[in-house]
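Encoded as structure tokens, the structure appears first; notes follow it.
Here the structure is a predicted model, which means the values were calculated and not measured. Naming convention: chains lettered A, B, ... in sequence-line order (proteins, then strands); numbering from 1 in each chain.
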Number of protein chains: 2
Amino acid sequence: MMPTLILYEDNPLLRDSIQSMLVLHDSIKLLGAFENPLEIINHIKEFNPDLLLMDIDMPGMSGIEAVTKVRIINKNIPILMLTVFDDNQHVFDAICAGASGYLLKKHISAKLFSAIDEIMEGGAPMSPSIARMVLQAMQQKKINDNPYQLTPKEKEVLTSLSKGNSYKMIGVEQAISIDTVRSHIKKIYEKLHVHSQTEAVSKAIHEKLV
Amino acid sequence: MMPTLILYEDNPLLRDSIQSMLVLHDSIKLLGAFENPLEIINHIKEFNPDLLLMDIDMPGMSGIEAVTKVRIINKNIPILMLTVFDDNQHVFDAICAGASGYLLKKHISAKLFSAIDEIMEGGAPMSPSIARMVLQAMQQKKINDNPYQLTPKEKEVLTSLSKGNSYKMIGVEQAISIDTVRSHIKKIYEKLHVHSQTEAVSKAIHEKLV
DNA sequence: CTTGCCATCGCATAATCATGTTATAGGTGC
DNA sequence: GCACCTATAACATGATTATGCGATGGCAAG
């Protein structure tokens, strides 16, 4: 089945250029091309596209804001960023917002269709320099840092638990009631997908969460 | 109070020499000097000495065997080995058997009395080269290897526990009843000086017991 | 053949934990 | 202000654990 898509790009020349590429390609169906994503939620509801192509620097609403908005209502639709920005801030803002791929504009002519194929197969196409940035960041921290999204308090409780402390001891140590300790540990179990102290401690130590 | 002691040494010249040193020293009382330790158990019962001086190479029974025999009936009486052997095997056999100190014969004239003082104060006098051997071995393995003397089964159970398994799961995994799992874990707690799963797991992982 | 250690199993009780449900107060973001 | 998240707290129930006591069979050392 032909994937359907919508393009958001404010520069008329580039928008027309991409539009031309897409309509000439008979395995892809372009549902629309807009100069800003202000109406993106309505577009999605109206056209039900398989994929979004998104510039970052657009008047009215940035592509990153647009991604954030889309992700509130739809966590799955692939969004491929098409942009000139290759700096850390833009790349990570986009990825954190929920972008599925990140193609620099200088690579569009050569890689756009393979990127679309890749993204439709569940991949995450990135320009080489972007991929490298992402890997480096992973190796450092950010994502790797707190893979289970534990809150600071939860991390604190888990650390104490991993030292061998009982609920009671943790409560005394952190000056909170034993029931509160329970609450935190309950949430920790949910986030770590475990069901006992030993599982949690084992996972925490081996994955260096503490 | 004057410490009392018994000497075992087969070489008559050396035995007389040591005997002379001891009787001339007025803060020590020599209860007897024998050429072999065959009657050592009776000697201990009869004389009730505070300390034993023990050669290794003696006819009839080696000093190491003698130490083993003594330790069966008395785990506390200090035994100082006096020997020419400074090889790994003899040293460790003697220590494993339960020797309290290890003095090479070439150091006897210079160190015997200070060694006796030290051993009576609960120390472990050793000739310098022996001390070094012992430290090196410690750093390698032997004692460091299984510092808590866990049996193979206990280690197995602890490993499973450290992976996050419950008693029930461990029982199934190792095809033993949950009560047996309890028994093993109880002993593990005693040996590790802990009182909960998390403490045990924490200790096990951090000290690389599993 | 006796003693001691290891592995096995059972039972009983009290303590602790796992889990669900509910609720309040402070902070953030829109 | 209204959602949403975080930290706090309480209560209840069933499950699991901690601990003590006791017992059997195998096996190795003395």
Side-chain angles (χ1 to χ4, degrees), chain A residues 41 61 65-66 68-69 71-73 96-97 146 148-158 160-162 164-201, chain B residues 37-38 40-41 61-62 64-75 93 96-98 146 148-158 160-162 164-202:
Chain A
I41 300 300
M61 182 189 283
E65 290 176 83
T68 303
K69 270 199 146 23
R71 283 291 172 249
I72 293 172
I73 63 159
C96 290
N146 190 0
Y148 297 99
Q149 299 285 347
L150 298 177
T151 68
K153 193 67 184 177
E154 285 162 4
K155 201 164 175 177
E156 213 177 326
V157 169
L158 181 57
S160 185
L161 191 72
S162 297
N165 293 325
S166 67
Y167 287 22
K168 199 178 291 181
M169 291 163 77
I170 296 173
V172 172
E173 180 184 283
Q174 306 193 8
I176 56 180
S177 98
I178 194 173
D179 286 300
T180 304
V181 177
R182 270 192 239 285
S183 296
H184 290 309
I185 291 185
K186 228 178 302 181
K187 291 198 188 104
I188 292 170
Y189 285 2
E190 286 170 14
K191 292 183 180 177
L192 262 54
H193 302 300
V194 301
H195 306 279
S196 71
Q197 288 185 70
T198 44
E199 278 186 279
V201 169
Chain B
L38 287 172
I40 190 165
I41 299 300
M61 179 189 283
S62 83
I64 291 173
E65 290 175 84
V67 171
T68 302
K69 268 197 148 23
V70 171
R71 285 290 172 247
I72 292 172
I73 62 159
N74 187 317
K75 300 214 179 305
D93 283 352
C96 289
N146 189 358
Y148 298 100
Q149 299 284 346
L150 298 178
T151 68
K153 194 66 185 176
E154 285 161 3
K155 202 164 174 177
E156 213 176 326
V157 170
L158 180 57
S160 185
L161 191 71
S162 298
N165 292 325
S166 67
Y167 286 25
K168 200 178 289 181
M169 291 164 78
I170 296 173
V172 172
E173 181 184 281
Q174 306 193 7
I176 57 180
S177 99
I178 194 171
D179 287 300
T180 305
V181 177
R182 271 191 240 285
S183 297
H184 290 309
I185 291 186
K186 226 177 303 179
K187 292 200 187 100
I188 292 170
Y189 285 2
E190 285 169 17
K191 293 182 180 176
L192 262 55
H193 302 300
V194 300
H195 306 279
S196 72
Q197 288 185 67
T198 44
E199 277 187 280
V201 169
S202 180

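Checking Y167(B) against H184(A), the closest nucleotide of DNA chain D that is more toward the 5' end is the one next to H184(A). Between R182(B) and P152(B), the residue whose closest nucleotide on DNA chain C is further toward the 5' end is P152(B). Ranked by how close their nearest DNA chain C nucleotide is to the 5' end, I176(B) and T198(A) are led by I176(B).
At dT6(D), none of the side-chain N or O atoms of K187(A) fall inside 4.0 Å of OP1 or OP2 (strictly under the cut-off). Applying the 4.0 Å criterion to OP1 and OP2 of dT19(C), one finds that Y189(A) has every side-chain N and O outside that range. Here S196(B) does not reach the OP1 or OP2 of dT17(D): none of its side-chain N or O atoms lies under 4.0 Å away. Residue T180(A) has no polar side-chain atom (N or O) positioned under 4.0 Å from OP1 or OP2 of dA10(D).
In this structure, the CE atom of M169(B) is 16 Å from the C1' atom of dT17(D), given to the nearest Å. Rounded to a whole Å, the NZ atom of K191(A) is 10 Å from the P atom of dC5(D). Between K155(B) atom NZ and dC6(C) atom P there is a gap of 14 Å when expressed in whole angstrom units. Here dA15(D) presents its P atom at 18 Å from CD of Q197(A), a figure rounded to the nearest Å. Distance CD (E154(B)) to P (dT8(C)): 10 Å, rounded to an integer number of Å. Rounded to whole Å, the distance from NE2 on H193(B) to C1' on dA18(D) is 17 Å. Atom CD of E190(A) is separated from atom C1' of dG20(C) by 10 Å (rounded to the nearest Å). Between the CG atom of D179(A) and the C1' atom of dA7(D) there is a distance of 13 Å, given to the nearest Å.
H195(A) comes within 4.0 angstrom of the backbone, heavy atoms only, and of no base. Looking at heavy-atom distances under 4.0 Å, I72(B) makes contact with sugar-phosphate atoms alone, never a base. No contact: K69(B) has no heavy atom under 4.0 Å from any strand.
Panel note: side chain S202(B), backbone S162(A); a donor-acceptor pair is recorded below 3.5 Å. The backbone N or O of M169(A) sits nowhere less than 3.5 Å from a side-chain atom of E173(A) that would complete a donor-acceptor pair. R71(B) contributes a side-chain N or O that, together with a main-chain N or O of N74(B), makes up a donor-acceptor pair within less than 3.5 Å. The backbone N or O of L161(A) lies less than 3.5 Å from no partner atom in the side chain of Y167(A), so there is not a single donor-acceptor pair. For N165(A) (side chain) and S160(A) (main-chain N/O), a donor-acceptor pair under 3.5 Å exists by modelled atom type.
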Can you list the steps and then say if V157(A) with L150(A) is a side-chain contact (heavy atoms from CB on, under 4.5 Å)? CA-CA 10 Å; V157(A) 169; L150(A) 298 177; over 6 Å; no
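A heavy-atom distance below 4.5 Å is not found between the side chains of T180(A) and Q174(A).
If you check dT16(C), dA7(C), dA18(C) against the side chain of I185(A), the one that comes closest is dA18(C).
Heavy atoms of other residues, nucleotides or ligands lying less than 6.0 angstrom from NZ of K69(A) number 12 at most.
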Can you check each nucleotide of nucleotides 21-30 of chain C against protein heavy atoms at under 4.0 Å and return B for base, S for sugar-phosphate only, - for none, in 5' to 3' order? B---------
